[in-house]
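Everything on this sheet refers to the single structure shown next.
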Amino acid sequence: AYEGALVEARANLAEAEAELTAAQARVSLKSEALTEVRTQLELAERDLERGRTLVSRQAGTEQSVDERSLVVSQRRQSISQLTNEIAIEKAGIEQQKAALERLRWRVSQAERNLADTTLKAPFDAVVVDETVEAGRLIGENDVAVTLDRADAVDAEFTLSDRQYGVLVADGGSLAGTPVEVIWRIGDTPRRYT
């Protein structure tokens, strides 16, 4: 369940990051379109002025001036619409950034919760007894394991003169030689280095 919660939190975060990228791309696209429409408005306004000049010289018609005025009006309306759309997208970006912060926190919380499902000794130890198993919930006052400090465990054994002679024949001393101790408790052998 904790691993699933972490996977879900990471997926939600990735989805929100993708949505933020898409919103930023939409703002960029609409900003470019706004620049283009402003250029078209300037051209349309100049064309309208030419049309008015032609009418004043009686070389043009009122109908052509009306058509040019309509184009100017449409360009202004497009600018207004794009400006509003950009403002809405920018507000959405701010909302998405807030959502990302919340989702990042959920990912870190899910990682912490998953990490809390692992029991770790605060020191090097040997497990003497355990009362837990995978998937079981334990409470604060439950004894999960009984530990002995690894550096506090001694193994004593007796060697015959012959066994000792065989062991020291190659190296001359047993000091610093690694030893594996096998402790048989019932059918379960426990191995310690």
**Fill in**
Contacts of Arg102 meeting salt bridge (Lys or Arg N to Asp or Glu O under 4.0 Å) (sequence neighbours excluded), chain-then-number -> none

Rounded distance [0.5 Å steps], [atom1] in [X] versus [atom2] in [Y]:
{"X": "Glu32", "Y": "Leu34", "atom1": "CD", "atom2": "CG", "result": "11.0 Å"}
{"X": "Lys90", "Y": "Ser31", "atom1": "NZ", "atom2": "OG", "result": "6.0 Å"}
{"X": "Leu82", "Y": "Glu36", "atom1": "CG", "atom2": "CD", "result": "11.0 Å"}
{"X": "Asp116", "Y": "Gln109", "atom1": "CG", "atom2": "CD", "result": "10.5 Å"}
{"X": "Gln40", "Y": "Leu43", "atom1": "CD", "atom2": "CG", "result": "7.5 Å"}
{"X": "Arg149", "Y": "Leu147", "atom1": "CZ", "atom2": "CG", "result": "10.0 Å"}

Counting distance only, does the side-chain N/O of [X] pair as donor-acceptor with the main-chain N or O of [Y] below 3.5 Å?
{"X": "Gln96", "Y": "Ala16", "answer": "yes"}
{"X": "Arg106", "Y": "Ala9", "answer": "no"}
{"X": "Thr193", "Y": "Glu180", "answer": "no"}
{"X": "Thr117", "Y": "Asn113", "answer": "no"}
{"X": "Ser80", "Y": "Arg76", "answer": "no"}

Quick one: closest heavy-atom pair of [X] and [Y], and the distance?
{"X": "Arg184", "Y": "Ile182", "value": "NH1-CG2, 3.1 Å"}
{"X": "Arg68", "Y": "Gly51", "value": "NH1-CA, 2.7 Å"}
{"X": "Leu6", "Y": "Val107", "value": "CD1-O, 3.8 Å"}
{"X": "Leu48", "Y": "Val65", "value": "CD1-O, 3.6 Å"}

**Salt-bridge criterion met for Arg46 and Glu49 (N-O under 4.0 Å)** =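 Salt bridge between Arg46 and Glu49, a charged N being under 4.0 Å from a carboxylate O: no.
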
**Asked** Charged N to carboxylate O below 4.0 Å: is that the case for Arg10 and Glu111?
**Response**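 Answer for the salt bridge query: yes.
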
Hey, are the side chains of [X] and [Y] touching, using non-hydrogen atoms and a 4.5 Å cut-off?
{"X": "Glu15", "Y": "Asn12", "result": "yes"}
{"X": "Val55", "Y": "Thr61", "result": "no"}
{"X": "Ser64", "Y": "Arg50", "result": "no"}
{"X": "Val27", "Y": "Ile93", "result": "yes"}
{"X": "Val72", "Y": "Leu41", "result": "yes"}

If you count every heavy atom of other residues, nucleotides or ligands that lies below 6.0 Å from [X] atom [atom1], does the total exceed 12?
{"X": "Asp124", "atom1": "CG", "value": "no"}
{"X": "Asp142", "atom1": "CG", "value": "yes"}
{"X": "Glu3", "atom1": "CD", "value": "no"}

**Message:** Run Glu85 and Gln81 through side chain to side chain donor-acceptor pair (under 3.5 Å) and show every step you take.
**Reply:** CA-CA 6 Å; Glu85 288 175 6; Gln81 182 178 349; 3.0 Å; yes

**Request:** State yes or no: do Ile86 and Ile79 share one hydrophobic cluster built from I, L, V, M, F, W and Y residues joined by side-chain heavy-atom distances below 4.5 Å, directly or via other members?
**Result:** yes

**Asked** What about Tyr164 and Val179, same hydrophobic cluster or not, with Ile/Leu/Val/Met/Phe/Trp/Tyr joined at side-chain heavy-atom distances under 4.5 Å?
**Response**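 No.
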
